[in-house]
Amino acid sequence: QVQLVESGGGLVQAGGSLRLSCAASGRTFSSLTMGWFRQVPGKEREFVAGISRIGGRTIHADSVRGRFTISRDNAKNMGYLQMNTLKPEDTAVYYCAADDDGGTWSIPRRSDEYDYWGQGTQVTVSS
């Protein structure tokens, strides 16, 4: 079983930055594909970014490309989402997710392809 714990959310003004962290335990971290999703009330969970098992490949949603950067440190069992130039529309609960049955370079975009989820961390961007 894999446990994921997010941290780093909070309230920030538009144009500001936040760095979300995801601490993983229970499995060799390099065996997991990682993703970040976000969700606002009344809407489906939205893919934000994903990173392959050893970090050689990343994908970012169009809405965040150029502003957000996903990364990981397998030695520390940590994943990160650096968020710059934040906008009010980035306000959401952000979730870290892990997939343990994909290929080395695969990065799923659908939430139902991920096997493990954190509890979420709130990000609020004020205008």
Side-chain angles (χ1 to χ4, degrees):
Q1 190 75 332
V2 176
Q3 293 78 42
L4 303 172
V5 179
E6 302 98 333
S7 61
L11 173 64
V12 64
Q13 288 188 332
S17 297
L18 283 174
R19 187 195 197 202
L20 303 184
S21 298
C22 176
S25 61
R27 183 77 60 86
T28 301
F29 192 55
S30 58
S31 69
L32 303 170
T33 300
M34 280 198 57
W36 286 95
F37 287 76
R38 65 187 181 186
Q39 190 169 25
V40 298
K43 292 191 175 182
E44 292 188 357
R45 199 163 288 189
E46 175 191 18
F47 175 81
V48 175
I51 186 166
S52 60
R53 294 180 177 184
I54 58 173
R57 181 174 178 242
T58 62
I59 295 176
H60 296 80
D62 290 345
S63 58
V64 306
R65 189 174 296 119
R67 300 187 298 122
F68 291 12
T69 303
I70 189 171
S71 63
R72 66 190 295 163
D73 185 337
N74 285 349
K76 295 181 178 180
N77 291 349
M78 294 292 296
Y80 305 99
L81 185 68
Q82 178 67 44
M83 306 187 295
N84 298 328
T85 319
L86 282 159
K87 304 176 181 180
E89 51 264 43
D90 294 319
T91 296
V93 177
Y94 283 72
Y95 296 91
C96 171
D99 171 33
D100 67 357
D101 55 10
T104 300
W105 300 106
S106 70
I107 303 175
R109 290 176 178 263
R110 287 169 34 190
S111 60
D112 61 1
E113 295 183 273
Y114 286 82
D115 304 293
Y116 306 99
W117 293 85
Q119 82 287 351
T121 185
Q122 176 71 45
V123 171
T124 302
V125 184
S126 63
S127 57

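Any value given below was found using the heavy atoms of this structure, including those in side chains, with hydrogens, waters and symmetry copies removed. The first residue in the sequence is number 1, and the count goes up from there. Treat the numbers as computed from the prediction; the structure is a model and nothing was measured.
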Before giving the answer on side-chain contact (heavy atoms from CB on, under 4.5 Å), spell out for Val2 and Asp115 the whole-Å C-alpha distance, their side-chain angles and the decisive distance to 0.1 Å. CA-CA 9 Å; Val2 176; Asp115 304 293; over 6 Å; no
If I take atom CZ from residue Arg67 and atom OG1 from residue Thr69, how far apart are they, to the nearest 0.5 angstrom? 10.5 Å
Testing the basics here: between Ala49 and Leu81, what is the closest heavy-atom pair and its distance to 0.1 Å? CB-CD1, 4.2 Å
Measure the spacing between OH of Tyr114 and CG of Leu4 and express it to the nearest 0.5 Å. 11.5 Å
Please report the closest heavy-atom contact between Cys96 and Glu6, naming both atoms and the distance. N-OE2, 2.8 Å
List the atom pairs, donor and acceptor, that lie under 3.5 Å between side-chain atoms in residues 24-31 and the rest of the protein, sequence neighbours left out.
{"unit_1": "Ser25", "atom_1": "OG", "unit_2": "Gln3", "atom_2": "OE1", "d": "3.3"}
{"unit_1": "Arg27", "atom_1": "NH1", "unit_2": "Asp100", "atom_2": "OD2", "d": "3.0"}
{"unit_1": "Arg27", "atom_1": "NH2", "unit_2": "Asp100", "atom_2": "OD2", "d": "3.4"}
{"unit_1": "Arg27", "atom_1": "NH2", "unit_2": "Tyr116", "atom_2": "OH", "d": "3.2"}
{"unit_1": "Ser31", "atom_1": "OG", "unit_2": "Thr28", "atom_2": "O", "d": "2.5"}

Just wondering, do Leu86 and Phe68 contact through their side chains at under 4.5 Å, heavy atoms? yes
Is the backbone of Gly66 close enough, under 3.5 Å, to the side chain of His60 for a donor and an acceptor to pair up by distance? no
Could you grab the distance from atom CD of Gln39 to atom OH of Tyr94, nearest 0.5 Å is fine? 12.0 Å
Check whether Ser52 reaches the backbone of Arg57 with its side chain - one donor and one acceptor, N or O, closer than 3.5 Å. yes
Please determine, by modelled atom types, if Glu113 and Ser111 share a side-chain donor-acceptor pair under 3.5 angstrom. no
Is the cationic atom of Arg110 (NZ for Lys, CZ for Arg) positioned less than 6.0 Å from the six-membered ring centroid of Phe47 and within 45 degrees of its normal? no
Could you work out, with salt bridge (Lys or Arg N to Asp or Glu O under 4.0 Å) as the rule, every residue matching Arg53, not counting sequence neighbours? none
Return all side-chain donor-acceptor pairs below 3.5 angstrom for residues 101-109, not counting sequence neighbours, or 'none' if the list is empty.
{"unit_1": "Ser106", "atom_1": "OG", "unit_2": "Gly103", "atom_2": "N", "d": "2.9"}
{"unit_1": "Ser106", "atom_1": "OG", "unit_2": "Gly103", "atom_2": "O", "d": "3.1"}

State whether Arg65 and Asp62 are salt-bridged, where the test is any N-O pair (Lys NZ or Arg NE/NH1/NH2 against Asp/Glu carboxylate O) under 4.0 Å. yes
If you define the side chain from C-beta out and look only at heavy atoms, does anything of Phe37 sit under 4.5 Å from Trp117? yes
Trace of the side-chain hydrogen bond (donor to acceptor under 3.5 Å, both in side chains) decision for Thr91 with Glu89: CA-CA 5 Å; Thr91 296; Glu89 51 264 43; over 6 Å; no
Output, in order, the C-alpha distance, side-chain angles, deciding distance and verdict of side-chain contact (heavy atoms from CB on, under 4.5 Å) for Ser63 and Glu46. CA-CA 10 Å; Ser63 58; Glu46 175 191 18; 3.7 Å; yes
Write down the atom of Asn84, the atom of Ser17, and the distance for their closest heavy-atom approach. OD1-OG, 2.9 Å
Cation-pi check, Arg19 onto Tyr80 ring (under 6.0 Å, within 45° of axis): yes
Using 0.5 Å steps for rounding, measure from the CH2 atom of Trp36 to the OH atom of Tyr95. 12.0 Å
Identify the two heavy atoms, one from Arg38 and one from Asp90, that lie closest to each other, and give their separation to 0.1 Å. NH1-OD1, 2.9 Å
Residues Ala92 and Gln122: closest non-hydrogen pair is O-NE2, 3.4 Å
With the side chain counted from C-beta on, respond yes when Met78 and Ser21 share a heavy-atom pair under 4.5 Å apart, and no when they do not. yes
For the student: nearest non-hydrogen atoms of Arg72 and Met34, plus distance: NH1-N, 3.9 Å
